[in-house]
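Take a look at the structure set out below.
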2 protein chains.
Amino acid sequence: MTGSPAPTRRPRSSGRATLADVAQAAGVSPITVSRALRGERAVAPELVERVQQAVRLLGYVPDPAARALASSRSSHVAVLIPLLSNALFVDLLDAVQRSLLPAGYQTLIGVTHYDPAEEEALLRSYLLHRPAGLIVTGFDRTEAVKQLIAGSGVPCVHVMETVAAPGIYSVGFSQSDAGQAMTQHLLDSGRRRIAFAAAQLDPRTLQRLQGYRQAMQAAGLVDSKLEWLDPQRSSLALGGALFEQIRREAPDVDAIFFNNDDLAQGALLAALRLGVKVPDQLAVAGFNDLTGSDQMLPPLSTVRTPRSAIGAEAARMLMALMRGEAVERPQLDLGFEIVRRGSS
Amino acid sequence: MTGSPAPTRRPRSSGRATLADVAQAAGVSPITVSRALRGERAVAPELVERVQQAVRLLGYVPDPAARALASSRSSHVAVLIPLLSNALFVDLLDAVQRSLLPAGYQTLIGVTHYDPAEEEALLRSYLLHRPAGLIVTGFDRTEAVKQLIAGSGVPCVHVMETVAAPGIYSVGFSQSDAGQAMTQHLLDSGRRRIAFAAAQLDPRTLQRLQGYRQAMQAAGLVDSKLEWLDPQRSSLALGGALFEQIRREAPDVDAIFFNNDDLAQGALLAALRLGVKVPDQLAVAGFNDLTGSDQMLPPLSTVRTPRSAIGAEAARMLMALMRGEAVERPQLDLGFEIVRRGSS
DNA sequence: CTGAAAGCGCTTACAG
DNA sequence: CTGAAAGCGCTTACAG
C-alpha cells in the first residue's frame, strides 16, 4: 500500500537507529538527545528519562565514526609499549584494558620494540586518528616527539617511571630505588662481589644499574668489572650464557643481580646444568617476579613490580584527564617489593 | 589586508589539509582526489600525478573518521584471542600487526579469556565500529554469534584451526593430528603407559586429546585413567602439581604428554625437585615450543606450532578479502613439527 | 534548559 | 574518465 513513488536513490544508511530516530521517538530535538546521552549540562530529568526510554526501545548505539568526525575525538586510547613478549607489559596492558573497556574506550596497542624511531612513527599514525587518550612507556623520547604529544592536546599518561614535571602525568615506581634495594638486600645477606647482569639496556634497565652502583658505592665495593651489559634481547638462553661467562671471567663473584627474571631463570637452569650450588656458591636475584620464578630450583629472589596496579591507575588517571577533570596527584609512585626466596 | 568582515563563527576545522584543499591545489574535483588516493578505477595517470604532488605539497593525510562515516567501514581490524598471557597468542598477534600496520590498518585486540560470552560482548562492541576486518580464534561459538559475524558482512578469518566450510576462511593446522603425532612419537620410542595431562580444556586442547586417544587406540593401549584434565588455567605451578599427582596416582606411567609447554616445564622442574629422572624413569613432552623449553633440564620435547606464520597468512588472506579479491585457498593448513629434545 | 542551523571530511550513487 | 550533489550521523557554536 505504498502509494509514494519508488525512491530514485538507494539509501546509504546502515539500517541502525540514529540519533534522529531517538529524538523523534522521544519527542525532543537531536541535540537534546546528544546532550542527554553524554551527560552534558543539566538536561531536564524528565527529558533524560524519555530519551533513555527511546534509546532502549530502539536499541540505539551511537556511531563512533560520526562522533569522532563531529567532535574531532575518537573513543580510542593508544597504548605504546616496548614489547609484547615481556610478561611485564602484558600484565600492564591487561589491567589497562580491564579499566578502559567498560568505560567505552577501545585500546590501540602499539609495539615499539624499544626503538624511538618506531615509536615516533606509531605515535604519528595514532595521532592522526585523534585518540581520546594516550599511554606511553617511560620518558625516553626526543624533544620533537615530546612536542608532538604536547601539541596534539591529547591527554597522555606515562607509565613505569615517574617524574616531577609540570603538565606531565606519570604512574610507576623508582627503578633506581628498586635496583638499589635489591643490591642492598644482597649486601645485607653477606655478599660482597655482586655482579650486575643486564640485557636490552633500555632506559629503565640503566636506572636499575644506577641504583646498583649507588648501593655498591655506599658499601665501598664498586668495581666496574662486575657489570655485564649485553644489548641483546632478554631471554632464558641469554641468561644462561651470561651466567657461564661471569663464572668463567670472574670466579670470585658471589652474587649476580639480573635485571630481568627471564635472565635469572636461565641462569638458575645453567647453574643446575653446571652443578653450581645456588645460593651456597653464588646467590642469584632477578627483577619483576615473572611467571615461573617461584617454581625455579631454588625459587628465585626478585623484585616484585606493581605493573597491574600501574595499568589500572594509569587508566583511571587518563579517564579523569579525558573527562577534563583535574588530577590532584599527577605523579603516582606505586613502589615495589623485595621478594626473598631460596636463591639468595 | 583582509578587507572581509571577521567571520561570525569560529571554524571547527582541525587545521589539517583536507581533500578539498588537495583538490584545489591539483585543480581537480574532490572526487577525483578521493579516487586517485584509493586507487579506484582508472583515473587519468596525469591527474593521479598532479594529485600526488598536491598531497605531498600539503602533507595531506586522510581523516579516518570521515572515511569511516562516509563509507561505513573503518580502517580497524579487530583481533580476538583467548589470552595475552600465553606466548602463543603474542607471537600470533605480533605477526598480524607486522603485516597489517604497513598496509594502513589499525589492530584492535580483544581478549576473551576463553569465555564465549565475553567474546560475544567484544564482538558486538567491535562490530559497532564497523571494522574493515576480523580475525577470530577457532570455531567455538554459538550459532547466534556465527550469524552475527556473517550478517555483519565484515570479512573474517579464523585462526589456529582449519575447517572446510563454504564462505569460511581459516588458517591453522590440525590440532588432533598434532596430538596424535606426539603420542605416536612417544609410542615409537617405546613408551606404553602414556598419560595425557591438560589444563584450560579449551576446544583445541580437547582436539589434541582426541589425537592422543586415536594413537593410543590404534596401539591398543587406551586407558581413560591415563587422562588428567584440569579446567584451571595453564601455568608452571599447575604443571608441577599435575606431575606430582600423576606420579602418586599412577606410578606405572612412563610418559606424560602435556597439552602446553608451560605445564611441561613446571613438570620438569618438579621432577628435578623430586629427583625423578627424565627421561629414564619417565618421558615428558609438551606442546607449542614456547620460550625456555629448549633451556630446560633436560630440554623439552614438544610440538612446534607455526603461530607466526599463521598470523602472517591470516593477515594476508584478510587483506585480500578486504580488497574484495577472491581467495583461492580459503583453508590453509600450515602443519606442525615434532621437536625431539632430551626429555623423551 | 532547549533548539535550528551549520559543519566535521570524506564517499556513494547518478549522470554524462 | 570526471564531476555536482547529497549524504554518512553525529557535535559545535550561537541564540534564546
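The basis for the numbers below is simple: all heavy atoms, side chains too, and nothing from hydrogens, waters or symmetry mates.
Atom CG of A:L37 and atom P of D:dG9 are 16 Å apart (whole Å). Distance A:L69 CG to D:dT11 P: 11 Å, rounded to the nearest Å. Counting to the nearest Å, the P atom of D:dT2 and the CZ atom of B:R50 are 9 Å from each other. In this structure, B:R130 atom CZ and C:dC10 atom P are separated by 18 Å, rounded to whole Å. To the nearest angstrom, P of D:dC10 lies 9 Å from CG of A:D21. We find that CZ of B:R73 is positioned 14 Å from C1' of C:dT12, with the value rounded to whole Å. For the pair A:L58 CG and D:dC10 P, the computed distance is 12 Å after rounding to whole Å. Taking atom CD1 on B:I31 and atom P on D:dG7, their separation rounds to 16 Å, with Å as the unit.
A distance-only check finds a donor-acceptor pair linking the side chain of B:D21 to the backbone of B:T18 [under 3.5 Å]. Judged by distance alone, the side chain of A:S72 and the main-chain N or O of A:A68 form no donor-acceptor pair under 3.5 Å.
Considering only side-chain atoms of A:S71, the nucleotide from D:dG9, D:dG3, D:dT11 that sits closest is D:dT11. Of the candidates D:dG9, C:dA4, C:dT11, the closest approach to any side-chain atom of A:T18 belongs to D:dG9. Considering only side-chain atoms of B:S29, the nucleotide from C:dG7, D:dA4, D:dT12 that sits closest is D:dA4. Nearest nucleotide to the B:T32 side chain, out of C:dT11, D:dT2, D:dG9: D:dT2. Residue B:A44 has its side chain nearest to D:dC1 when only C:dG9, D:dC1, C:dT2 are considered.
Distances shown here put a side-chain N or O of A:R67 below 4.0 Å from the OP1 or OP2 atom of D:dT11. Between A:R35 and D:dT11, a side-chain N or O to OP1/OP2 separation shorter than 4.0 Å is absent. Taking only side-chain nitrogens and oxygens, A:S34 never comes nearer than 4.0 Å to OP1 or OP2 of D:dC10.
In terms of the side chain to side chain contact (heavy atoms under 4.5 Å, CB included) criterion, residue partners of B:E46 (sequence neighbours excluded) are, by chain and number, B:R50.
Contact annotation for B:P62: backbone-only contact, meaning every heavy-atom pair under 4.0 Å involves sugar-phosphate atoms and none involves a base.
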* Starting at the 5' end of DNA chain C, write a dot or bracket for each base, bracketing those in Watson-Crick or G-U wobble pairs whose two distances are under 3.5 Å and using | for partners on another strand. => |||.||||||||.|||
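Listed by first and then second residue, the side-chain hydrogen bond (donor to acceptor under 3.5 Å, both in side chains) pairs involving residues 115-126 of chain A are A:H113-A:E118, A:E119-A:R141, A:E120-A:R124, A:S125-B:Q106 (not counting sequence neighbours).
Applying the 6.0 Å contact sphere to CZ of A:R316 captures no more than 12 heavy atoms from other residues, nucleotides or ligands.
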* Could you give me the CA-CA distance, side-chain angles and deciding distance for A:Y169 and A:H158, then say whether ring pair (Phe, Tyr, Trp, His ring centres under 6.0 Å) is met? => CA-CA 6 Å; A:Y169 298 88; A:H158 302 71; 8.6 Å; no
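Between A:L84 and B:D94, the closest side-chain pair of non-hydrogen atoms falls below 4.5 Å.
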